[in-house]
Amino acid sequence: MKDAITTVLQQALARCQENGSLPADLEARIQVDHARDKQHGDFATNLALTLAKAARLKPRELAELIVANLPDSAVIEKVEIAGPGFINFYINSETQASVIGSILNQQEKFGLTEIGAGKKIQIEFVSANPTGPLHVGHGRGAAYGAAVANLLKAIGYEVHCEYYVNDAGRQMNILAASVWLRYLELCGEDFPFPVNGYKGDYVLDIAAALHRENGDKMFHSWAEISCNLPKDEPEGDKERYIDAVIEKMKALLHPDQYSLVFDVGLNYILDDIRDDLEHFGVVYDQWFSERSLTDSGDVTLALERLQKSGHCYEKDGAIWFRSSEFGDEKDRVLVRDNGQSTYFSSDIAYHMNKLERGYDRVIDIWGADHHGYVPRVKAALQALGDDPEKLDVLLVQFAVLYRNGKKIPMSTRSGQFVTLRHLRKEIGSDAARFFYVMRKCEQHMDFDLDLAMSQSNENPMYYIQYAHARVCSVFSQLADKGFEFDQGHGLAHVDLLTETHENDLITRLTRYPEVIGKAGQQYEPHQLVHYLRDLANAFHTYYNAHHFIVDDKKIRDARLCLITAARHVIANGLKLLGVSAPEKM
RNA sequence: GCGCCUGUAGCUCAGUUGGAUAGAGUACCUGGCUACGAACCAGGCGGUCGGGCGUUCGAAUCGCUCCAGGCGCGCCA
């Protein structure tokens, strides 16, 4: 509809230029908005205001000129000039009401568009280290990423969702060591657990599984392990201590045994994460292993390309990438003096790999604490000769949990956190998914557990779901009262829907495809949340103002068509957010 | 110290890329169920848009500056 108005405005300008009333070199960027106020019609344009200076006319005079040259249109009821020079358009009611037929025909397909047709997007989100279960902070990234992916699919993009598995590196070694030490405890050893080890209960579970399968085969006495170890905190350095424990573990265990412990831990946690996300309604097309980048040679290849193009140098025994040449604060290490490549190297290889797979756009969703990382990744892409503009990094601020009005401290390492699984079980997947995407991603979020767990109607999700359930309820009442719904008959009489509340609801419905388009292109699912609330509000208001099951068959069927259309749109929108649309509550 | 994010009603948040009188929810107050679900509806109260200066027909939105809060500044991942 917006496009239709843009088109007639273009035609009007062209006419003015042809007949000489406007300069021929005038260039216009036509902007058509929804009128904020019903008094201002359905759509409005500020064209006359933006163009006044270039046209050397007063805004209102220019507006009159444009309106006088507007071509006839079947959809426009009337046009008005208002305020300082806004042009307001009123759409005729038949055109508006035709959306009901469209919705009833397309049903779950209504709202889908082809904006991104033929384009491929890769989107990576969550990607938490597999060193423990997901916590509520990851939940926000999961809910947000999945909603963005759904929106992008809805507007025609081919979307590929990925979870990057950090299955290499120091953190994983610390996990392996933690598992092994717990295993030794099960073998009967008694010793102080490292300050820097993973202390969560899940580590005990993994160790127990390991012990069940392997008995005491990997046992070594604490006396053997602890000789020549540096001091742990508080007397010593906890980082150096845990590294020494890992080294000792590698020295004492056969390499196969070490990787067994490592893999048991990794797979246990990955299975857990996968299961958790699946119950959260989040599914991936691919779980991309960091180790596979080393195995495939991609890491080496990326390093070579950076070196050959002259963006690297050696200093203090390490290989550095001159990222400061591309806007980063300082240069970064690619290969450490001990010969190990850094996490950054893998990440460069991963992003190179993504772009080489031919995506038009690559989206990363990271926790906001990683924001300092963005410039160096873009720098690397630029140095590799790729287009850094193809990468969008969306930063999700952390959700801070509150209980009894108090902030809950969280740390993965200490094992002190509220897990996503716990949240899901307390308040349900629907409420959690909805709550997470209610706010803009860059907005800090206070997640009040008491409120969320209270299942009160303060959660607007219930308001929206209730609208859906109410429509369903009307139809069960209809049957109880011995009426039948004739959709074709109703559609033939939608011109009878002339009540203000009906027009408001219809207008709201017509905007749905546009909302999806905008929310998708801007990666902002919260726009859909707000739309759905407004839509539900229009429905509830209508519900309270008029009865649907009336004796007049024409009006009854027409109204039933309208509320069915509303039900479809609510269900479609909630589905994109990963929230169910129950028929009863 | 430098960089990024945030600051809008008592509280939680929107604000259509610079437009018309800044909006919702919640809290509080007043009304509405013997016809489709009151998890609802109607009305009221509530604002120096963190402060200041600037850009212009026009600023919550853009620029500069200050204030407050969060996060980040490793040969960790």
Side-chain angles (χ1 to χ4, degrees), chain A residues 31-37 39-40 44-46 49-50 52-53 58-59 82-86 88 128-129 131 166 168-172 174 239 290 315-320 329-330 332-344 346-347 367-375 395 397-398 400 438-446 448 451 455-467 469-478 480-481 483 511 514-515 518 522 526-527 529-530 533-534 536-537 539-550 556 559-560 563 584-585:
Chain A
Q31 186 188 339
V32 177
D33 295 319
H34 290 291
R36 193 180 293 174
D37 191 328
Q39 308 273 323
H40 301 140
T45 181
N46 58 1
L49 283 85
T50 57
K53 194 174 267 182
K58 286 180 186 167
F86 290 102
N88 295 332
N129 280 346
T131 52
N166 297 120
R170 182 164 172 267
Q171 300 303 326
M172 286 307 296
I174 295 177
E239 303 289 348
E290 179 184 355
K315 195 182 82 178
D316 303 331
I319 297 173
W320 296 70
E329 290 174 351
K330 52 171 286 196
R332 309 290 173 177
V333 170
L334 296 173
V335 183
R336 284 180 262 171
D337 57 6
N338 65 6
Q340 279 195 308
S341 65
T342 58
Y343 171 83
F344 181 41
S346 304
D347 228 13
D369 55 334
H370 288 74
H371 73 254
Y373 204 76
V374 179
L395 300 171
Q397 292 288 340
F398 279 140
V400 182
M438 261 170 56
R439 291 168 177 75
K440 283 192 294 203
C441 69
E442 68 263 32
Q443 186 71 246
H444 297 107
M445 187 163 103
D446 292 342
D448 186 333
L451 182 71
Q455 288 208 20
S456 74
N457 59 349
E458 286 171 51
N459 190 330
M461 178 189 70
Y462 295 108
Y463 183 83
I464 297 167
Q465 288 184 325
Y466 183 44
R470 259 185 158 176
V471 176
C472 298
S473 176
V474 169
F475 276 85
S476 66
Q477 280 294 322
L478 186 73
D480 291 350
K481 290 184 176 177
F483 289 113
R511 296 190 186 172
E514 193 186 314
V515 169
K518 216 174 133 218
Q522 300 184 349
H526 79 274
Q527 290 188 25
V529 174
H530 287 277
R533 213 217 75 87
D534 289 344
N537 176 248
F539 169 77
H540 286 308
T541 302
Y542 179 36
Y543 182 98
N544 277 283
H546 300 281
H547 286 282
F548 309 145
I549 304 176
V550 292
R556 185 176 70 233
R559 287 181 174 173
L560 293 174
I563 64 170
K584 281 182 190 163
M585 297 172 63

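Side-chain atoms are counted along with the backbone in the values below, which use heavy atoms only and exclude waters and symmetry mates. Letters go in sequence order (proteins before strands), and every chain restarts at 1.
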Mind checking the [atom1] distance from [N] to [M]? Whole angstroms is fine.
{"N": "A39(B)", "M": "C53(B)", "atom1": "C1'", "value": "50 Å"}
{"N": "G69(B)", "M": "G25(B)", "atom1": "C1'", "value": "24 Å"}
{"N": "G51(B)", "M": "U56(B)", "atom1": "C1'", "value": "22 Å"}
{"N": "G10(B)", "M": "A27(B)", "atom1": "C1'", "value": "8 Å"}
{"N": "C40(B)", "M": "U26(B)", "atom1": "P", "value": "7 Å"}
{"N": "A68(B)", "M": "G74(B)", "atom1": "C1'", "value": "29 Å"}
{"N": "G72(B)", "M": "C29(B)", "atom1": "P", "value": "43 Å"}

Checklist entry - Within the structure, does a side-chain N or O atom of Thr342(A) lie under 4.0 Å from either OP1 or OP2 of A77(B)? => result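 For A77(B), OP1/OP2 do not have a side-chain N/O of Thr342(A) under 4.0 Å.
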
Is there a Watson-Crick or G-U wobble partner for [N] with both distances under 3.5 Å, and if so, which one is it?
{"N": "U48(B)", "value": "none"}
{"N": "C33(B)", "value": "none"}
{"N": "G63(B)", "value": "C53(B)"}
{"N": "A20(B)", "value": "none"}
{"N": "A14(B)", "value": "none"}
{"N": "A68(B)", "value": "U6(B)"}

Return the value, rounded to whole Å, for the distance between atom [atom1] of [X] and atom [atom2] of [N].
{"X": "Met438(A)", "N": "G25(B)", "atom1": "CE", "atom2": "C1'", "result": "8 Å"}
{"X": "His540(A)", "N": "G25(B)", "atom1": "NE2", "atom2": "P", "result": "12 Å"}
{"X": "Asn544(A)", "N": "C36(B)", "atom1": "CG", "atom2": "P", "result": "11 Å"}
{"X": "Gln477(A)", "N": "C36(B)", "atom1": "CD", "atom2": "C1'", "result": "6 Å"}

Checklist entry - In terms of ring plane angle, is the pair Tyr542(A) and Phe548(A) parallel, tilted or perpendicular, where the classes change at 30° and 60°? => result tilted

Item to check | Aromatic ring pairing Tyr343(A)/Tyr373(A), orientation class (parallel under 30°, perpendicular over 60°, tilted between) | outcome: tilted

With a non-hydrogen cut-off below 4.0 angstrom, is [X] in contact with a base, only sugar-phosphate, or nothing?
{"X": "Phe344(A)", "result": "nothing"}
{"X": "Lys518(A)", "result": "sugar-phosphate"}
{"X": "Gln522(A)", "result": "base"}

Next on the checklist: Is Tyr463(A) stacked against the base of A39(B), taking the criterion as centroid distance under 5.5 angstrom and interplanar angle under 30°?
Outcome noted: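 Stacking between Tyr463(A) and A39(B): absent.
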
Item to check | Aromatic ring of His371(A) stacked on base six-ring of G72(B), 5.5 Å, 30° | outcome: no

Next on the checklist: Could you tell me if Thr131(A) and Gln171(A) have a donor-acceptor pair between their side chains, going purely by distance under 3.5 Å?
Outcome noted: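 No, Thr131(A) and Gln171(A) have no side-chain donor paired with an acceptor closer than 3.5 Å.
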
Checklist entry - When you look at Gln443(A) and His526(A), which way does the side chain to side chain donor-acceptor pair (under 3.5 Å) test go after all the steps? => result CA-CA 11 Å; Gln443(A) 186 71 246; His526(A) 79 274; over 6 Å; no

Every protein N/O within reach of nucleotides 55-62 of chain B N/O, cut-off under 3.5 Å:
from	atom 1	to	atom 2	distance (Å)
C57(B)	OP1	Lys53(A)	NZ	2.9

Item to check | Cation-pi, Phe539(A) ring and Arg470(A) (6.0 angstrom, 45 degrees) | outcome: no

